[in-house]
Amino acid sequence: MSNSLRAPEPLDWLYRGGSEIFPDQPESDDPHQNIRQRLRQGAKLRVKLGIDPTGSQIHLGHSTIFRKLRAFQDQGHTAVLIIGDFTAQVGDPTGKSEVRRQLTVTEVNQNAATYLEQLRPLLDFDTPGRLEVHYNSTWLTSLDLGQILELLATMTLGQMLAKEGFSERHHQGNPVYLHEFLYPLLQGYDSVAVKADVELGGTDQKFNLAVGRDLQRHFHQEPQFGLLLPILPGLDGVQKMSKSLGNFVALGEDPLTMYSKLEKVPDQVINQYYELLTDYPLDQLPVDPRERQKTLALAVVTQYHGAAVAAAAQASAMALIQGDPSPTDNLPEFGLSGVHFPLKLFYLLRASGLCQSSSEARRQLQGGAVKLDGQRVTDVDLEFATPEQLYHKVVQLGKSHFLKLVP
RNA sequence: GGGUCGGUGCCCGAGUGGUUAAUGGGGGCGGACUGUAAAUCCGCUGGCUAUGCCUACGCUAGUUCGAAUCUAGCCCGGCCCA
């Protein structure tokens, strides 16, 4: 595969998803201004991607950029993954209308530990030389005040205020703390530390990636290329996919939940989902909108769980929609051994995590949202004397939350 | 440091002594409809194994039969001045 570097002419893999590359001067022969020239020369690039472990879950919105990183890997380049264990404590102010809560060291470490596992289906971990993983605390914690001053002295207040977010917040009368100014500089310094040739990010990262170029130049390195991918809209079809908005699909979710969420992606954004989340030929998308959703869901679930499991999830989802919970092989399960009998149904809804509180569970029952084996239950005080009455029954909340009860 | 305005439920935002988890909007969840979509209509939107008991309007004390609403101190923000 490494030989393919000599003829990377169809650069579809590079541009799929509407990547914006900068600097981008297509007519230029200068390999520092034109990444295609660089690739034609067979350069082996160090492709940086930083991710701050601010949460415990990675979702599809993050995955687009990892897919791009994988594409670079498959072309023979080196993925340089930076776990922002230090920057996570500062908090990226990008796109935030308010200050980010600062995480503790313990939280950050716990989050970081789960990240690599979640990325396993996405990246090439095995081919030698294709992946480096760094924690940016390695170099950032050892910066002394003199070095920090050097970083700060590379930018002006005007440049900082030009960054989206800062000036809005300031003019809206919201606080902007000084330590937030350090974030872009630290992220940029990461590029210096790993000698990045390319850095990947979402379009909202343009400022930060540009700072990386400035700092590399300051430290007498070749400035990196920036490659920006559009932000993936969330399941609501409007706002960007994010955990805090709840409009996300996490990489670690079970196949059926993943499928159920993806098969109802709004029409207005489904083409973007195809482009950013799959390798499906974009000129061959199913015409029927319902088919288009199903095919997408199947394609994405396959990436994370394999074709067989994905097909089973699709079959289960279709059956469950029609109220038939029989082919429920891969439903998430809930063991009844952990709860006490006699058992009230609303308590079960709470205990199983289907509802967040027992009060909410009662409301859902009253609102007609709960079904047991396809039968709607509205009796708030329904109680079961023994676990045997519930074995192998399926509890359903709304249209897409299912749970199989097991001993 | 001084002056001034402000801190209400997921968010915004009413309320300025009195049956009440506290108007309204957004968002979210659910129901009907549908393509399991959108649009539309309707319901719900503090907690608790619950015919009741808790906790809530920045924090802590206080005034009062009774406070989110009054008083004091403290914490945190905006703006103006230094």
Side-chain angles (χ1 to χ4, degrees), chain A residues 96-99 101-102 167-178 180 233-249 256-274 285-298 301 313-325 336 338-371 374-385 387 390 395-402:
Chain A
K96 298 300 282 187
S97 51
E98 53 193 53
V99 204
R101 189 176 69 91
Q102 292 188 49
S167 53
E168 287 95 306
R169 280 164 56 191
H170 183 59
H171 284 118
Q172 284 168 8
N174 293 317
V176 177
Y177 290 86
L178 294 179
E180 299 183 63
L235 295 173
D236 57 7
V238 181
Q239 309 216 59
K240 77 168 191 174
M241 182 174 283
S242 84
K243 188 173 181 191
S244 56
L245 293 171
N247 58 357
F248 68 104
V249 180
L256 183 60
T257 304
M258 204 179 228
Y259 183 91
S260 300
K261 285 182 177 179
L262 286 167
E263 71 161 357
K264 58 181 181 185
V265 168
D267 294 352
Q268 72 222 41
V269 295
I270 193 163
N271 286 13
Q272 289 177 70
Y273 272 53
Y274 269 104
L285 301 185
V287 176
D288 176 64
R290 194 78 191 96
E291 279 308 313
R292 193 175 289 207
Q293 292 175 317
K294 288 181 180 174
T295 305
L296 170 78
L298 194 63
V301 176
Q314 183 173 49
S316 295
M318 287 197 295
L320 281 162
I321 290 312
Q322 293 158 10
D324 172 17
L336 292 169
V339 290
H340 296 292
F341 283 81
L343 176 77
K344 292 194 170 152
L345 184 54
F346 80 80
Y347 184 74
L348 174 66
L349 290 167
R350 205 320 287 289
S352 63
L354 234 35
C355 293
Q356 295 203 323
S357 71
S358 60
S359 297
E360 184 198 330
R362 300 180 131 243
R363 283 185 234 114
Q364 295 288 19
L365 279 163
Q366 285 169 354
V370 180
K371 290 182 184 172
Q375 297 289 317
R376 177 158 295 156
V377 180
T378 53
D379 177 7
V380 177
D381 292 310
L382 184 63
E383 193 174 72
F384 297 92
L390 289 170
V395 184
Q396 178 178 355
L397 174 71
K399 287 169 184 159
S400 56
H401 301 286
F402 304 95

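Here the structure is a predicted model, which means the values were calculated and not measured.
- Atom P of nucleotide B:G47 and atom CD of A:Gln364 are separated by 11 Å, given to the nearest angstrom.
- For the residue pair A:Arg290 / A:Gln293, a side-chain donor-acceptor distance below 3.5 Å is found, with atom types taken as modelled.
- One C1' atom belongs to B:C11, the other to B:A72, and the distance between them is 32 Å to the nearest Å.
- Separating the CG atom of A:Leu365 from the P atom of B:C44 is a distance of 16 Å, rounded to the nearest angstrom.
- Residue contacts shown for A:Arg362 include a base, since a base heavy atom lies under 4.0 Å away.
- In this structure, A:Phe346 atom CZ and B:A50 atom P are separated by 7 Å, rounded to whole Å.
- Using a 4.0 Å cut-off, no side-chain N or O of A:Ser359 falls inside it from OP1 or OP2 of B:G46.
- In B:A50 the O4'-C1'-N dihedral to the base is within 90° of 0, which defines a syn nucleotide.
- Distances were taken from every side-chain heavy atom of A:Arg363 (C-beta onward) to each of B:G47, B:U49, B:A37; the shortest belongs to B:G47.
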> Given A:Asn271 and A:Arg292, is the side-chain contact (heavy atoms from CB on, under 4.5 Å) satisfied, shown in steps?
Replying inline: CA-CA 9 Å; A:Asn271 286 13; A:Arg292 193 175 289 207; 2.9 Å; yes

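- Comparing B:A56 with B:G15, their C1' atoms are spaced 16 Å from each other, to the whole Å.
- One interatomic measurement links the two molecules: CD of A:Gln239 to C1' of B:G28, which rounds to 12 Å at whole-angstrom precision.
- The partner of B:C70 is B:G62, by the rule that a Watson-Crick or G-U pair needs both atom distances under 3.5 Å.
- Geometric assessment of A:Lys371 against the ring of A:Phe402 yields a negative cation-pi assignment under the 6.0 Å and 45° thresholds.
- Going from atom CG of A:Leu397 over to atom P of B:G28 covers 16 Å, rounded to whole Å.
- When rounded to the nearest whole Å, the span between CG of A:Leu345 and P of B:A50 equals 15 Å.
- Nucleotide B:U19 has no partner under the Watson-Crick or G-U criteria, as no pair reaches both atom distances under 3.5 Å.
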> So A:Glu383 and A:Phe341, side-chain contact (heavy atoms from CB on, under 4.5 Å) or not? Walk me through it.
Replying inline: CA-CA 9 Å; A:Glu383 193 174 72; A:Phe341 283 81; over 6 Å; no

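- The gap from the C1' atom of B:G3 to that of B:C54 amounts to 43 Å, rounded to the nearest Å.
- Within the 4.0 angstrom heavy-atom criterion, base atoms lie near A:Gln293.
- Using a 4.0 Å heavy-atom cutoff across all strands shown, A:Arg292 reaches no nucleic acid atom at all.
- With rounding to whole Å, A:Leu343 atom CG is found 13 Å from B:A50 atom P.
- Side-chain proximity of A:Ala369 to B:G31, B:G30, B:U49: nearest is B:G30.
- Remark: B:G27 base-pairs with B:U45. Criterion, Watson-Crick or G-U wobble with two distances under 3.5 Å.
- Of the two residues contacting RNA chain B, namely A:Glu360 and A:Arg290, the nearest-nucleotide position lying further toward the 5' end is that of A:Arg290.
- A:Asn271 has its CG atom 19 Å from the P atom of B:A37, to the nearest Å.
- Taking CZ from A:Arg350 and NZ from A:Lys344, the interatomic distance works out to 14.0 Å, rounded to the nearest 0.5 Å.
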>> Working note: A:Phe384 + A:Leu348, criterion side-chain contact (heavy atoms from CB on, under 4.5 Å); need CA distance, chi angles, decisive distance, verdict.
In response: CA-CA 10 Å; A:Phe384 297 92; A:Leu348 174 66; over 6 Å; no

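- Across the C1' atoms, B:C53 and B:G31 are found 31 Å apart, a figure rounded to whole Å.
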>> Checking A:Leu285 against A:Ile270 for the side-chain contact (heavy atoms from CB on, under 4.5 Å) test, could you report, in this order, the C-alpha distance in whole Å, the side-chain angles of both residues, the deciding distance, and whether it holds?
In response: CA-CA 10 Å; A:Leu285 301 185; A:Ile270 193 163; over 6 Å; no

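- The 5' end of RNA chain B is approached more closely, in terms of each residue's nearest nucleotide, by A:His401 than by the other of A:His401 and A:Ser260.
- Between the C1' atoms of B:G58 and B:G9, the separation comes to 14 Å (whole Å).
- Among the atoms of the strands shown, base atoms are found under 4.0 Å from some heavy atom of A:Ser358.
- For B:G1, the paired nucleotide is B:C81, the pair qualifying as Watson-Crick or G-U wobble because both relevant distances are below 3.5 Å.
- As rounded to the nearest Å, B:G77 and B:A67 have C1' atoms that lie 25 Å from one another.
- Spacing between B:U55 and B:A38 at atom P, rounded to whole Å, works out to 41 Å.
- Partner assigned to B:A38 is none, using Watson-Crick or G-U wobble distances below 3.5 angstrom.
- For B:G35, the base has a donor-acceptor partner in the side chain of A:Asp267 [N/O atoms by modelled type, under 3.5 angstrom].
- Taking the C1' atom of each, B:G46 and B:C42 are spaced 24 Å apart, rounded to whole Å.
- Comparing B:U49, B:A37, B:C48 by their nearest atom to the side chain of A:Tyr347 picks out B:U49.
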